[in-house]
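Here is the structure we will look at.
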Amino acid sequence: MDDKSSYARSSCIGLLNQVGETLHVWWERYERRRELSQWTERDLHDIGMSRSDIVFETDKPFWRA
């Protein structure tokens with residue numbers, strides 16, 4: 001294997017790793033927001049958040065932090 005193909009292969013692997021990591025982060029956000037939306041008023045009060053705080057958070061698209 002020459003240097004060009006070795007570099008191309010490692011670049012492709014790096015890109016795939018970045019895509020995988022991004023998808024993982026997006027999935028975690030989706031899951032966390034979905035879970036928060038199911039919390040009771042008492043749970044939210046315990047952590048100092050209101051229902052409107054949760055609505056604001058859960059209305060965000062999964063790609064937005």
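Please read these numbers as outputs of a predicted model, since none were measured by experiment.
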- Task: Enumerate the residue pairs fulfilling side chain to side chain donor-acceptor pair (under 3.5 Å) with a member in residues 10-26, sequence neighbours excluded, ordered by first and then second residue.
- Result: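 As it turns out, the side chain to side chain donor-acceptor pair (under 3.5 Å) pairs with a partner in residues 10-26, which skip direct neighbours, are H24-E28.
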
- Output yes when R32 and E35 qualify as a salt bridge under the 4.0 Å nitrogen-oxygen rule, no when they do not. no

- Query: What distance separates H45 NE2 from W39 CH2, expressed to the nearest 0.5 Å?
  - Reply: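 Nearest 0.5 Å value for the NE2-CH2 distance: 13.5 Å.
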
- Message: Any non-hydrogen side-chain atom of D43 less than 4.5 Å from a side-chain atom of I47?
- Response: no

Quick one: side chains of residues 58-65, donor-acceptor pairs under 3.5 Å with protein atoms, not counting sequence neighbours, listed by atom name and distance.
from	atom 1	to	atom 2	distance (Å)
T58	OG1	I54	O	2.9
T58	OG1	V55	O	3.3
K60	NZ	E57	OE1	3.2
K60	NZ	A65	O	3.1

- Item | Contact summary for R51 and T40, nearest pair of heavy atoms | NH2-C, 3.9 Å

- Look at the side chain of D53 and the backbone N and O of S50, then say whether any donor-acceptor pair between them is shorter than 3.5 Å. yes

